[in-house]
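Taking it in order: structure first as structure tokens, then the write-up.
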Amino acid sequence: MKIEFKKIILLVLFISYTNMYTQEKIAGKVFDRSTNTPLSYVNIGVFSKDLGTVSNGAGDFNLEIENLKDSITFSMIGFKTRKIPVAYFNLKDTIYLDEESIELEEIFISNKKGKSKILGNKKPKLFFASISFKKIEAGNELGIKIKVKKNTDVNKFNLLLVKNDYPNLKLRLNFYNLKDNKPYERINSENIIFETSIEKGVLSIDLTDYNITLKEDFFVSIESLNKLDDENKQIIVAGRVLGKSYGRKTSQGSWTKIKIGFCLSLDVLQY
């Protein structure tokens with residue numbers, strides 16, 4: 001009788017453990033609370049666990065969760081970050097985010113003539129490496145650290161593509177401050193979203209209208225807003241052999257070091 005009782009306890013514990021870590025699909029829609037309008041391209045995921053996604057153009061999202069005790073983080077420029085337990089989605093599927101006021105730094109007009117420079121990783125003259133991406137999750141990011149010692153106006157973003165098989169890419173540029181030499185908090189005051197159909201060569205984005213001025217070391221990244229998983233297509237990015245970059249698999253995921261310096265650069269004006 002005692003043996004049977006122990007077996008029952010073990011069975012209950014096993015079932016509880018299995019249920020806790022069984023994958024569960026959740027779906028929902030993200031809204032701006034003040035206007036009740038859907039929010040596009042919100043970063044959604046379990047912090048530092050590489051389980052994440054991005055809401056689509058209509059604010060809809062779906063996500064597979066491994067641990068039912070986890071919480072899901074929702075973040076977007078101009079809105080307060082919100083962290084919600086997975087259990088919430090058993091009752092509701094609508095998420096509301098509250099607007100957050102952003103304090104813009106005062107812009108100083110300098111009488112000094114600025115000097116044009118290119119910061120980051122230009123294409124090497126002799127040998128260069130490349131890295132291929134065949135399966136890209138929505139929210140996937142890659143980028144590099146940029147060192148600055150002067151006031152720096154960012155005018156253009158450049159990325160060297162060896163090959164792109166997708167007819168249309170929807171991307172977002174992000175600028176982060178640094179903590180422990182890694183990207184920490186996003187610091188651009190508005191979304192920088194664009195689409196491209198470039199097959200190879202330098203992808204360049206004009207940033208002059210965004211008035212981005214930085215005064216200390218920062219991190220710049222490019223993020224995919226769509227899931228790209230066609231087995232017959234790939235994206236190949238050029239890089240420097242003796243370099244260093246960082247990437248993360250999806251929204252809210254952990255940053256990992258990549259031992260290739262992606263050919264990502266910025267045209268700037270320093271003064």
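Heads up: numbering here begins at 1 and tracks the sequence.
Under the 4.5 Å side-chain heavy-atom criterion for Ile, Leu, Val, Met, Phe, Trp and Tyr, Phe194 and Phe175 are members of the same hydrophobic cluster. Linking ILVMFWY residues whenever their side-chain heavy atoms come closer than 4.5 Å, directly or via other members, leaves Phe31 and Ile44 in distinct clusters. There is no path of hydrophobic side-chain contacts, each under 4.5 Å, that joins Leu39 to Val54. In terms of hydrophobic clustering, with Ile, Leu, Val, Met, Phe, Trp and Tyr side chains grouped at heavy-atom distances under 4.5 Å, Leu51 and Tyr41 are assigned to different clusters. If you chain together hydrophobic residues whose side chains sit under 4.5 Å apart, Leu264 and Ile198 fall into the same group.
A heavy-atom distance below 4.5 Å is not found between the side chains of Ile192 and Phe157. Annotation: side chain of Phe89 is not in contact with side chain of Leu63 (no heavy-atom distance under 4.5 Å). Val202 is listed as a side-chain neighbour of Leu160, based on a closest heavy-atom distance under 4.5 Å. Contact of the Leu266 side chain with the Phe218 side chain is registered, since non-hydrogen atoms from C-beta on lie closer than 4.5 Å. Between Ile222 and Leu203 the shortest side-chain heavy-atom distance falls below 4.5 Å. Here the side chains of Ser265 and Asn158 are in contact, with some heavy-atom distance below 4.5 Å. At a threshold of 4.5 Å between non-hydrogen side-chain atoms, the residues Pro167 and Lys233 count as touching. Side-chain contact check for Val162 versus Val237: every heavy-atom pair is 4.5 Å or farther apart.
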* Determine, step by step, whether Leu173 and Leu207 satisfy the side-chain contact (heavy atoms from CB on, under 4.5 Å) criterion, reporting the C-alpha distance in whole Å, the side-chain angles of both residues, the deciding distance to 0.1 Å, and the verdict. => CA-CA 10 Å; Leu173 283 186; Leu207 299 175; 3.8 Å; yes

* **Ile65 vs Ile72, side-chain contact (heavy atoms from CB on, under 4.5 Å): CA-CA, chis, key distance, verdict** => CA-CA 9 Å; Ile65 299 298; Ile72 302 173; 4.1 Å; yes

* Quick one: do Lys156 and Asp206 satisfy side-chain contact (heavy atoms from CB on, under 4.5 Å)? Show the steps, please. => CA-CA 5 Å; Lys156 187 187 288 186; Asp206 186 355; 5.5 Å; no

* What's the verdict on side-chain contact (heavy atoms from CB on, under 4.5 Å) for Gln270 and Leu119, showing C-alpha distance, side-chain angles and the deciding distance? -> CA-CA 11 Å; Gln270 291 189 321; Leu119 303 179; 3.9 Å; yes

* side-chain hydrogen bond (donor to acceptor under 3.5 Å, both in side chains) assessment of Thr250 paired with Glu137 -> CA-CA 6 Å; Thr250 188; Glu137 298 290 339; 5.4 Å; no

* Applying ring pair (Phe, Tyr, Trp, His ring centres under 6.0 Å), run through Phe74 and Phe61 and close with a yes or a no. => CA-CA 11 Å; Phe74 294 77; Phe61 71 92; 5.6 Å; yes

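Taking OG of Ser71 as the start and OH of Tyr88 as the end, the distance is 13.0 Å to the nearest 0.5 Å. Rounded to the nearest 0.5 Å, atoms NZ (Lys135) and CD (Glu231) are 9.0 Å apart. Rounding to the nearest 0.5 Å places CG of Asp229 at 15.5 Å from CZ of Phe133. In this structure, Gln234 CD and Ile131 CD1 are separated by 11.5 Å, a value rounded to the nearest 0.5 Å.
Judged by distance alone, the side chain of Asn140 and the main-chain N or O of Ser224 form no donor-acceptor pair under 3.5 Å. In this structure, Asn67 contributes its side chain and Lys69 its backbone to a donor-acceptor pair below 3.5 Å. With hydrogens and angles disregarded, a donor-acceptor distance shorter than 3.5 Å links the side chain of Asn121 to the backbone of Phe262. Tyr166 places a side-chain N or O within 3.5 Å of a backbone atom of Asp230 that can act as its donor or acceptor partner. When atom types are taken as modelled, the side chain of Asn177 and the backbone of Glu185 share a donor-acceptor pair closer than 3.5 angstrom. Using a distance-only test at 3.5 Å, with no hydrogens or angles considered, no donor-acceptor pair links the side chain of Arg82 to the main chain of Leu97.
Residues passing the side chain to side chain contact (heavy atoms under 4.5 Å, CB included) test with Ser40, sequence neighbours excluded: none. By the salt bridge (Lys or Arg N to Asp or Glu O under 4.0 Å) test, Glu64 pairs with Lys25, sequence neighbours left out. Applying the side-chain hydrogen bond (donor to acceptor under 3.5 Å, both in side chains) rule to Ser75 yields the partners Gln252; only residues at least two apart in sequence or on another chain are considered. In this structure, the salt bridge (Lys or Arg N to Asp or Glu O under 4.0 Å) partners of Lys163, at least two apart in sequence or on a different chain, are Asp165.
Nearest heavy-atom pair across Arg33 and Asp98 is NE-OD1, 2.6 Å. Residues Ser245 and Ile260 share a closest heavy-atom pair of OG-O, 2.5 Å. The two residues Ala58 and Pro38 make their nearest non-hydrogen contact at O-CB, 3.1 Å. In terms of heavy atoms, Ile193 sits closest to Leu225 at CG2-CD1, 3.9 Å. Scanning both residues, Gly114 and Leu269, for their nearest heavy atoms gives C-CD1, 3.5 Å. Taking both residues in full, the closest heavy atoms of Val148 and Asp217 are given as N-OD1, 2.9 Å, listed atom of the first, atom of the second, then distance.
For the pairing with Asp153, the side-chain hydrogen bond (donor to acceptor under 3.5 Å, both in side chains) check across Thr213, Thr208, Asn211 returns one residue only, Thr213.
For residues 219-260, the pairs satisfying ring-ring contact (aromatic ring centres under 6.0 Å, His included) are Tyr176-Trp255, Phe219-Trp255, with sequence neighbours left out. Among pairs with a residue in residues 47-62, those fulfilling side chain to side chain donor-acceptor pair (under 3.5 Å) read Lys29-Asp60, Lys49-Asp70, at least two apart in sequence or across chains.
Under the 3.5 Å distance criterion, with hydrogens and angles disregarded, a donor-acceptor pair is assigned to the side chains of Asn43 and Arg172. Checked by atom type, the side-chain pair Asn168/Ser197 shows no donor-acceptor distance below 3.5 Å.
Phe47 CZ: 12 or fewer foreign heavy atoms inside a 6.0 Å radius. Within 6.0 Å of CG in Asp209 there are 12 or fewer heavy atoms belonging to other residues, nucleotides or ligands.
Salt-bridge formation is not detected for the pair Glu100/Lys80: no Lys NZ or Arg NE/NH1/NH2 atom is positioned less than 4.0 Å from an Asp or Glu carboxylate oxygen.
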